[in-house]
Amino acid sequence: ARPPAPASAAAAAAGVALFSGSEACADRLHVITEGQVLSSLASSVENSTKIATMLAAVVCIDMYGRRRILLFGLACTALSVLLFVLACFLQPWARTFFILGQGLQGAFPVELLFAQVVADLAAPLPGDEAQRLFEMKTIVMFLPVYLFGFVASFIHVLELRDYTVLWCGVLLTNCALLALAAQHFPETGRGEAPGPGKGLVSGIQKDYTPSSSFFLCRVVRLGEERWS
């Protein structure tokens with residue numbers, strides 16, 4: 001174990017910078033290095049989960065409906081935050097819970113789901129109104145990125161020592177969002193029991209680059225052949 005630096009120990013004893021992790025950090029370079037290793041591993045798990053979920057979603061979204069995929073993704077997100085909360089209390093399992101929690105965040109194919117729901121809503125509309133709806137979708141998708149990016153940057157500047165209260169608040173927010181979606185989010189599919197990918201291909205081609213749409217549409221058609 002590394003002994004605390006004299007300046008850090010004095011600052012901690014004097015109660016200086018109560019909410020700053022940097023003042024109580026004995027070997028900041030070691031902490032940053034370990035954090036980067038852990039973050040890289042967790043990001044790899046998240047990206048792997050995202051790829052697997054995307055491949056499954058492009059096949060299942062027309063089979064089981066948009067609503068079920070949405071609720072599944074929100075439940076995985078809430079479960080991931082629950083693991084973050086448990087990591088705050090169970091220190092020996094903290095790393096494992098963090099990696100699993102971030103991995104579960106990749107199980108919500110929000111971009112694909114958003115594209116398909118908007119395609120469902122735009123299908124019966126005239127051309128101009130449908131185009132405006134897709135433009136509005138682009139704006140709405142970027143708003144949370146900027147808004148919550150600002151909040152995350154502010155929290156990062158605080159350098160909190162204990163994130164338990166913060167994660168509990170996020171968990172309550174996720175559970176509330178899941179309950180609202182379960183209560184009020186309708187199924188936007190046409191209810192005509194189409195084969196996998198019947199309505200999905202058009203949404204993919206509208207919202208993804210040519211190379212990405214070719215790959216995803218190929219997966220949809222393979223799923224359609226498999227389940228037909």
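Values reported hereafter were calculated over all heavy atoms of this structure, with side chains retained and with hydrogens, waters and symmetry mates removed. Since we're looking at a predicted model, the values are computed, not measured.
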Assigning hydrophobic clusters by single linkage (Ile, Leu, Val, Met, Phe, Trp, Tyr; side-chain heavy-atom cutoff under 4.5 Å), is [X] placed with [Y]?
X	Y	value
Y163	V81	yes
I99	W93	yes
V165	V85	no
F72	L178	no
V151	L172	no

Non-hydrogen atoms of [X] and [Y] that approach each other most closely:
X	Y	answer
I69	P109	CG2-CG, 4.1 Å
L74	A181	CD1-CB, 3.6 Å
S80	L104	CB-CB, 3.7 Å
C88	W167	SG-CD1, 4.0 Å
D162	T164	OD1-OG1, 2.6 Å

Would you compute the distance between atom [atom1] of [X] and atom [atom2] of [Y] and round it to the nearest 0.5 angstrom?
X	Y	atom1	atom2	answer
F98	L41	CZ	CG	9.5 Å
C175	L180	SG	CG	11.5 Å
T53	Q105	OG1	CD	12.0 Å
F185	L177	CZ	CG	11.0 Å
C76	N174	SG	CG	11.5 Å
T96	L90	OG1	CG	11.0 Å

* For T188, does its backbone N or O pair with a side-chain atom of R67 as donor and acceptor, under 3.5 Å? -> no
* Asked: Would you say S39's side chain and G35's backbone share a donor-acceptor pair under 3.5 angstrom?
  ->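 Between the backbone of G35 and the side chain of S39 there is no qualifying donor-acceptor contact (under 3.5 Å).
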* Basic-acidic side-chain contact under 4.0 Å: R95, E34 ->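 Salt bridge flag = yes for E34 with R95.
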* **Centroid-centroid under 6.0 Å between F97 and F84 rings** => no
* Side-chain touch Q102/V45, heavy atoms, less than 4.5 angstrom ->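 Side-chain contact under 4.5 Å: no.
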* Asked: Got L79 and L82 here, is their nearest side-chain heavy-atom distance under 4.5 Å?
  -> yes
* What do you reckon, is CZ of F108 surrounded by more than 12 foreign heavy atoms closer than 6.0 Å? ->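 Above 12, so yes.
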